[in-house]
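Heads up, the thing below is written out as structure tokens.
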Amino acid sequence: MLGAAGELVDRAHDKGPAPQDTGAAAPAKAPVRASITLERPRRAEFGDYSTNAALVLAPALGASPREVALRLGGALQERLGASLDRFEVAGPGFLNLFLSDSWLIAALGDALDAGELFGAGGATPAEHILVEFVSANPTGPVHVGHARNAAYGDALSRVLAFHGHEVGREFYVNDAGSQVRKFGESIRALARGEPVPEDGYQGAYVEQLANQLGRDSTDPAELGRAAVSVMLGEMQSSLVAFGVMGFDRWAYESSLHEGDPSPVAHTLALLEEQGRTYRRDGALWLRTTEFGDDKDRVLVRSNGEHTYFASDIAYHQDKRERGFDRQIDVWGADHHGYVQRMKAAYEALGGDREHLELLIMQLVHLVRAGERALMSKRAGEFVTLDELLAEIGVDAARWYLLARSHDTTVDLDLDLAREQSNENPVYYVQYAHARIASILAKAGPERVAAALTAVAGSEPGPLHAAERALIELLLAFPVEVAEAAERRAPHRIAAYALELAQGFTAFYRDCRVVGAEPESVESFRIALCVASRRLIARSLGLLGVSAPEEM
RNA sequence: GCGCCCGUAGCUCAGCUGGAUAGAGCGUCGGUCUACGGAACCGAAGGUCACAGGUUCGAAUCCUGUCGGGCGCGCCA
């Protein structure tokens with residue numbers, strides 16, 4: 001049906017005035033087409049689906065919106081026949097469609113037939129996408145800021161993959177540069193009972209490292225490397241505990257400096273060949289200003305050392321050479337000033353800047369006693385991922401961090417989170433899942449299997465309003481996934497999951513499943529349970545949240 | 001000073017590639033009540049969508065400005 005309506009909208013539009021032969025008129029079509037929507041209205045009286053097509057097309061067709069809506073509705077009625085119960089023209093010219101029960105039942109049957117693949121795929125074009133996320137400095141534990149990044153990057157990867165993209169997942173390890181030495185110096189100082197150097201690293205974990213490694217070596221660089229290795233192991237286990245699906249690769253910054261030519265040397269050579277670099281004050285610069293940056297950036301310092309930027313460019317070039325059409329980097333808010341230069345460098349290397357998406361995660365603010373508290377790494381003051389998990393558990397933590405858009409600063413009050421974790425909506429969703437599992441168990445596997453084969457062509461009689469509402473919610477799933485994927489917005493899946501759980505609960509309240517008479521009704525409702533259960537589980541799965549059978 | 005993000009109900013946040021009476025969870029108040037799982041359900045109170053202009057048939061949504069908050073502006077990583 002939706003396809004039919006979409007086609008009609010297209011056709012109606014094509015019937016409009018022929019595009020003028022001016023260069024300016026031709027591209028006007030796209031925005032018009034894009035502004036036509038087919039949506040599920042909030043209010044039942046506005047129908048099962050509603051479109052603003054007539055409002056958008058009226059000016060081009062030279063008729064009033066209501067008149068256009070009437071014509072469009074008539075055409076749809078003719079085409080859809082009994083599937084469309086009726087249509088109404090409302091307000092300024094909305095076309096509201098009321099679908100028949102038989103159409104909804106058939107659509108549910110199709111959804112069930114699609115099985116676990118319902119809502120999967122559909123990405124056009126399907127791309128080879130690399131998602132780089134977390135990439136926390138290995139000089140400290142994973143804190144809640146990283147946790148948000150991890151949850152987001154992980155969920156986004158799952159959503160993109162489900163939508164049909166081929167997704168690679170990487171963690172970039174900053175294991176080169178002065179910070180590692182500084183890390184080593186801090187550890188050595190603590191091991192010797194000396195004060196930690198200025199802007200060094202502090203905190204209980206550093207002392208622990210000092211106890212663990214301090215006697216092995218006196219070389220700060222070596223000590224730093226050993227400590228990084230320990231930290232990486234801990235990060236990895238924290239992330240695994242948090243349900244972050246494995247990374248396909250841990251990309252080491254240090255490895256970008258190895259080999260002949262090293263990836264960094266290779267990339268610098270490319271940039272030089274393109275004439276994008278120059279020497280000044282003894283340093284090698286990249287003309288990022290040619291690609292929209294505020295000022296040019298140093299690649300090789302006058303002392304001969306590469307900047308972090310040089311490594312990062314080489315890393316992105318490496319990813320491109322490995323065949324990814326698109327790169328998504330999930331960065332912390334403190335990196336937003338870095339976006340322009342990275343995009344500039346990417347373009348300087350011949351990449352399309354639109355294919356490099358640098359997504360900025362806004363901060364997680366810690367709140368104590370109603371006041372914002374700062375997370376200072378230097379002072380070793382932060383809530384770690386491990387602590388968060390110990391307080392509220394994986395599912396509540398993931399939900400808390402994923403239910404919000406990535407570009408909103410979120411407040412995290414640990415005390416409040418702990419107190420309210422039992423009220424976390426994630427449990428409501430999980431409860432609905434467990435309840436369905438229980439209902440289906442009561443019906444028994446044979447009964448469920450029989451019910452599923454009976455859906456197509458079944459006539460359970462007039463549908464209850466709650467059944468209709470639930471079916472429409474289930475049918476919306478593919479669109480929700482597509483939106484979440486295209487807008488890089490996994491939080492929409494959380495909103496959908498909650499809505500679905502509420503829709504199911506309303507159905508459960510109003511419609512008896514096991515024991516419903518006649519048998520065709522019971523069958524249909526069992527099938528509805530199966531579909532609901534699958535999609536709740538799928539939605540939770542995309543968020544990396546468990547879908548328990550019982551709780 | 002410049003740049004990016006944000007400002008929606010008491011709290012935490014959706015909605016923001018423009019649509020019809022702005023939503024959810026929590027909290028508050030009042031009900032339902034032994035259910036195929038009550039971690040439930042129903043109802044109510046609660047909003048000048050920071051403010052001011054502009055574009056539009058229509059603006060929480062787009063544009064400009066102001067105010068407020070956050071984060072950045074290194075030959076650091």
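Numbers restart at 1 for each chain; the letters A, B, ... are given by sequence-line order, proteins then strands.
- If you measure from atom CG of Leu412(A) to atom P of G70(B), you get 18 Å, rounded to the nearest angstrom.
- To the nearest whole angstrom, the two P atoms, one in U64(B) and one in A9(B), are 25 Å apart.
- For the C1' atoms, the distance from U55(B) to G46(B) is 33 Å, rounded to whole Å.
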Protein heavy-atom contacts under 4.0 Å, written 5' to 3' over nucleotides 32-39 of chain B as B (base), S (sugar-phosphate only) or - (none), form the string ---SBBSB
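- Atom CD in Glu39(A) sits about 10 Å away from atom P in C16(B), given to the nearest Å.
- Between A40(B), G19(B), C76(B), one nucleotide has an atom nearer to the side chain of Ser178(A) than all others, and that is C76(B).
- In the set C75(B), A77(B), A14(B), the nucleotide with an atom closest to the side chain of Val298(A) is C75(B).
- Here the separation of C62(B) from U17(B), taken at their P atoms, is 7 Å to the nearest Å.
- As judged by a 4.0 angstrom heavy-atom cut-off over every strand, His491(A) is placed among residues touching the sugar-phosphate backbone only.
- The side chain of Gln420(A) has C26(B) as its nearest neighbour among C13(B), C5(B), C26(B).
- A donor-acceptor contact closer than 3.5 angstrom is absent between the side chains of Asn174(A) and Gln179(A).
- For the strand RNA chain B, secondary-structure stems (runs of at least three Watson-Crick or G-U pairs, all distances below 3.5 Å) span B:1-7 with B:67-73, B:10-13 with B:23-26, B:28-32 with B:40-44, B:50-54 with B:62-66.
- Between Asp199(A) and Lys182(A), at least one side-chain N (NZ, or NE/NH1/NH2) sits under 4.0 Å from a carboxylate O, which counts as a salt bridge.
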Show the numbers, then the answer: is there a side-chain contact (heavy atoms from CB on, under 4.5 Å) between Arg301(A) and Thr307(A)?
CA-CA 7 Å; Arg301(A) 296 196 279 265; Thr307(A) 58; 3.9 Å; yes
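- At whole-Å resolution of the value, CG in Leu359(A) and P in C4(B) are 17 Å apart.
- Toward the 5′ end of RNA chain B lies the nearest nucleotide of Arg492(A), the other residue of the pair Ala90(A) and Arg492(A) mapping further downstream.
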